[in-house]
Participant: 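My structure is below; once you've seen it, I'll send some questions.
Along the sequence shown, the residues carry numbers beginning at 1. Since the structure is predicted, the reported quantities are computational estimates derived from the model, not experimental observations.
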Amino acid sequence: MTVFPLSAQIPAAIILIVGGTISCFFGHRLFRVVLGIAGFILGWLLASSLFGASDGNLILGAGLVGGLLGASLLFAAYYVGVALAGAGLGVLAAHLVAGATRSDPNFLVIVVCAIIGSIASMYLQRYFIIVFTAFGGAMTLIDGVMASLGNRAAAAAVSGDIWVFYPLNPAPGQKWVPYAWAVLGLIGAVVQMGWTGGEKGRVVRRRRNVAT
């Protein structure tokens, strides 16, 4: 949960919609751009959460600085971004398995899954990036759409001039969200695999030694 001034709701919604669309359908081809957008969003959320709901100007200022720093770091750290994408998918897999078995994921299992995911992502970059960006972009897109609607039961809970943003639960109590996320993520992955994902195999190919 993150608190913002209400005036930031529509601009933030536009950023989320544009960023989510690019990530979901063009994530592999524009991975550095996606990393920059993701870094900006994460940096903004982390920096702005340091201040209370009454510090409107400080929230905006800290969010902007944190967003620019996050975007710069992730845009520059391409391979770190790939490893983080794999680690994120590994953690997600651990939570899905735990949820299916109705148990809490063990911390050691989460760490192991994150390590396996990060290592595997370096060898299967194209596929990990496509899956990560498709489903991550799908959730970001849903967040943006719900925020733009201004629905109290959606991405923002409005009280006075305060906007409370729930990035992982954009529509509290709405059971259709997980299904919409899964369908949109699958569509994004299929689009990238078939049309917008670029060449097959690794993102970065090793140069072959040419005999002279």
Side-chain angles (χ1 to χ4, degrees), residues 1-49 56 59-60 62-75 81 84-85 88-89 92 129-159 161-197:
M1 181 185 74
T2 306
V3 178
F4 293 101
L6 183 59
S7 59
Q9 181 174 352
I10 297 303
I14 294 173
I15 293 174
L16 292 172
I17 291 173
V18 173
T21 301
I22 292 174
S23 177
C24 187
F25 299 104
F26 304 93
H28 177 264
R29 185 176 292 276
L30 302 176
F31 189 53
R32 283 192 183 274
V33 175
V34 171
L35 284 178
I37 295 173
F40 184 86
I41 294 173
L42 290 175
W44 182 292
L45 293 177
L46 291 175
S48 62
S49 64
I59 290 174
L60 291 176
L64 182 60
V65 173
L68 292 175
L69 287 175
S72 299
L73 288 174
L74 282 190
F75 184 86
L84 288 176
L89 287 177
L92 177 61
I129 290 173
I130 285 176
V131 172
F132 178 78
T133 57
F135 283 90
M139 180 55 70
T140 304
L141 180 56
I142 292 174
D143 284 336
V145 171
M146 292 297 98
S148 68
L149 295 177
N151 191 334
R152 289 175 180 268
V158 180
S159 177
D161 63 346
I162 297 301
W163 171 37
V164 183
F165 178 53
Y166 302 90
L168 298 180
N169 189 17
Q174 304 297 313
K175 296 182 179 180
W176 58 267
V177 172
Y179 299 102
W181 171 62
V183 171
L184 186 58
L186 286 173
I187 293 174
V190 170
V191 169
Q192 290 195 56
M193 288 283 189
W195 293 280
T196 64

Participant: Between OG of Ser72 and CG of Leu35, what distance do you get to the nearest 0.5 Å?
Facilitator: 12.5 Å
Participant: Of all heavy-atom pairs between Ile129 and Phe31, which one has the smallest distance, and what is that distance?
Facilitator: CG2-CD1, 3.5 Å
Participant: I need the minimum non-hydrogen distance between Thr140 and Leu16, along with the two atoms involved.
Facilitator: CG2-O, 3.4 Å
Participant: Sequence neighbours left out, what passes side chain to side chain donor-acceptor pair (under 3.5 Å) with Thr133? Give chain and number order.
Facilitator: Gln192
Participant: Any donor-acceptor pair under 3.5 Å linking the side chain of Ser23 with the backbone of Gly20?
Facilitator: no
Participant: Roughly how far, to the nearest 0.5 Å, is CG of Leu74 from CG of Leu69?
Facilitator: 11.0 Å
Participant: Locate the shortest heavy-atom distance separating Val145 from Ile17; write the atom from each residue and the value.
Facilitator: N-CG1, 3.7 Å
Participant: Looking only at non-hydrogen atoms, find the nearest pair between Ala13 and Ala147 and report the distance.
Facilitator: CB-CB, 3.9 Å
Participant: Using 0.5 Å steps for rounding, measure from the CZ atom of Phe132 to the CG atom of Leu92.
Facilitator: 10.0 Å
Participant: Might you point out which heavy atoms bring Ala47 and Gly66 nearest each other, and give the distance in Å?
Facilitator: CB-CA, 3.9 Å
Participant: Under the rule for ring pair (Phe, Tyr, Trp, His ring centres under 6.0 Å), what residues qualify as partners of Phe40, not counting sequence neighbours?
Facilitator: Trp44
Participant: Taking all non-hydrogen atoms of both residues into account, name the closest pair between Thr196 and Phe25 and its distance.
Facilitator: OG1-O, 2.5 Å
Participant: Rounded to the nearest 0.5 Å, what separates atom CG in Leu186 from atom SG in Cys24?
Facilitator: 9.5 Å
Participant: Just verifying a value: how many Å separate Trp181 CH2 and Leu141 CG, rounded to the nearest 0.5 Å?
Facilitator: 13.5 Å
Participant: To the nearest 0.5 Å, what is the distance between CG on Leu42 and CG on Leu73?
Facilitator: 11.5 Å
